[in-house]
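All values below come from the heavy atoms of this structure, side chains included, with hydrogens, waters and symmetry mates left out.
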Amino acid sequence: MTSVQVDKQHDGNEAADSASGEGYHRALGARQIQMIAIGGAIGTGLFLGAGKGISIAGPSLILAYAIAGLVIFFIMRALGELLMYRPVSGSFSEYAREFIGPFAGFATGWTYWLFWVVTGITEVTAAATYMTYWWDIPQWLSALVFTVILYGANLISVKLFGELEFWFSMVKVTAIVGMILICAGILTLGFSDAGDTASVTHLWDLGGFFAGENGIGSTLMTLQMVMFAFLAVELVGVTAGESKDPKTVLPKAINTVPWRIAVFYVGALIMILSVVPWTEFKPGVSPFVAAFEKMGLGIGAAIVNFVVLTAALSSCNSGMYSTGRMLRDLALNGQGPQVFTKLTKSGTPLVGTTVSAALMMVGVWVNYQWPGEAFNYVVSFATISGMWAWIVILICQIRYRLKADRGELPQSPFKAPGGIWFSVFSLAFIGMVVVTMGMDKDNRVALYGAPVWGLILAVSYLVLKARNPQGAAFAKRS
């Protein structure tokens, strides 16, 4: 391809960007994008899920978070390279269409939409459960109120969504930083009930660093829940079409991933496990709650309950935001009902957000009727569907970089380190996580459901293509 052809294709891509994002308002500023990026890496997977991980793998859970966090950074840099090449709303499915094929774009858009609907179901149900700590009110009533409030906020404007996510993230960040500082004070000054026993030697003295029942094998089995904790970090990519200055703001947000993981996950767990021996943690109990109780700070449980409530609402808020945009992107490309293209005057996708919110309400009822194992199965399916977006990002970055290096496409100003090799490594790592899910009877159900969802997508795609075989949405891009 000549340089002229490259320029023409790039211009065409920019035109496509404008079309796909037509009607959206670039209302998300640097402050909001940064906090969305930070908040995306902090959720109930850390505040609650880490307790189960510690009970399985002991202190080696810290290593699991560190290695998985490195892979997440590679994924985010791969996404950043694509975003700087072409920042678009609904970016995952757009890149899948361009670099893999029309069916990949179709499958990615609908799967990411399903991921956020499922995640919204789990989080709004969890939020309603947390409310019972303070008030004895029906769970369904809290779930209804939260869903309606977040739905309304997302319809008003993208700026209001950004403000909500900013403050949700601020609460989570403040809680973790406060916990780290308190633990550091206990370790150095020896105050509180935990002062006499707190020691960094807890990380290796109680059965060793790999203290799980099966040693390193136990550490590997925690990777599924570790990866679940990082789901939604890629949400920054969905905001690309509504960022005020994406080519400046997005790289800065992505480059903060390493220190976010180092502080909020690795740092927090090192401090907590130094103050509280890992043998005292139990599945289903927040490590933050356990640490506060060990310190003799009775108010800690109420504080942590408020923080996990905020984390759940933050995740549900993100789900409301992303689902409507993914449905609109699919509709604009002829791979979904055209009714999803409608926007409000403030530039938000009305119908798509409404349909997604309605499905979340159905899910609340399901989880209320069949709690326990059903909830765990939903979380597992959220993990496998969320990781699909990461797989697509990595494959697209590999194909884009190969084309750019051949001169067929313009080079991105924000290249991922390691070329394509870090992306290849990340794909292999995700493959290993999927294998460990297959070895766990509780998580295996999600792997059974994935082929069923794939079959539904394939049949739906063929039906749409049969109705409009000449449509641009079903044509291969050269």
Side-chain angles (χ1 to χ4, degrees), residues 28-51 53 61-62 65-66 68-69 72-73 76 119 123 126-127 130 150 153 159-186 226 228-236 238-239 243 249-275 286-292 295 297 299-319 321:
L28 295 177
R31 173 178 62 90
Q32 294 161 325
I33 293 292
Q34 286 286 353
M35 289 307 289
I36 289 171
I38 292 173
I42 308 171
T44 52
L46 172 62
F47 290 118
L48 291 178
L61 182 67
I62 297 170
Y65 273 114
I72 293 298
F73 176 60
M76 291 301 293
T119 300
E123 299 293 5
Y130 302 147
L150 294 177
K159 185 176 182 180
L160 181 56
F161 156 78
E163 282 300 314
L164 279 175
E165 202 58 31
F166 175 86
W167 291 109
F168 282 152
S169 296
M170 184 66 74
V171 170
K172 294 186 285 187
V173 169
T174 302
I176 295 178
V177 172
M179 171 62 79
I180 291 174
L181 293 176
I182 291 172
C183 289
I186 292 172
V226 167
F228 174 75
F230 288 127
L231 290 176
V233 69
E234 76 291 331
L235 183 65
V236 170
V238 182
T239 67
S243 303
V249 172
L250 294 178
K252 289 182 179 179
I254 290 170
N255 279 334
T256 62
V257 168
W259 73 259
R260 280 185 271 146
I261 293 171
V263 172
F264 300 132
Y265 283 87
V266 177
L269 287 177
I270 288 175
M271 301 305 286
I272 288 175
L273 293 180
S274 295
V275 172
S286 169
F288 289 79
V289 172
F292 272 119
M295 297 171 198
L297 302 175
I299 196 174
I303 293 174
V304 171
N305 195 71
F306 175 72
V307 173
V308 295
L309 170 64
T310 301
L313 293 177
S314 171
S315 183
C316 191
N317 187 45
S318 297
Y321 171 84

For the side chain of S274 and the backbone of I270, is there at least one donor-acceptor N/O pair under 3.5 Å apart?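 Side chain of S274 to backbone of I270: a pair is present.
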Give the minimum heavy-atom separation between [X] and [Y], together with the two atoms involved.
X    : Y    : value
I272 : A291 : CG2-CB, 4.3 Å
A127 : L309 : O-CD1, 3.6 Å
K172 : S314 : NZ-OG, 3.3 Å
F73  : I254 : CE1-O, 4.1 Å
M271 : I180 : CE-O, 3.8 Å
A50  : L61  : O-CD2, 3.7 Å

Side-chain heavy atoms of N317 within contact of F168, under 4.5 Å: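 Sidechains of F168 and N317: in contact.
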In Å and rounded to the nearest 0.5 Å, what is the [atom1] to [atom2] distance from [X] to [Y]?
X    : Y    : atom1 : atom2 : value
Y130 : L313 : OH    : CG    : 10.0 Å
M76  : I261 : CE    : CD1   : 9.5 Å
M179 : F264 : CE    : CZ    : 14.0 Å
T310 : M170 : OG1   : CE    : 12.5 Å
I176 : L181 : CD1   : CG    : 12.0 Å

Please step through side chain to side chain contact (heavy atoms under 4.5 Å, CB included) for the pair I182 and F292, ending with a clear verdict. CA-CA 10 Å; I182 291 172; F292 272 119; 4.3 Å; yes
For Y265 and F230, take the angle between the two ring planes, folded into 0 to 90°, and tell me which bin it lands in: parallel under 30, tilted 30 to 60, perpendicular over 60.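 Y265 and F230: tilted rings.
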Check the pair I62, L273 against side chain to side chain contact (heavy atoms under 4.5 Å, CB included), reporting the backbone distance first and the verdict last. CA-CA 10 Å; I62 297 170; L273 293 180; 4.0 Å; yes
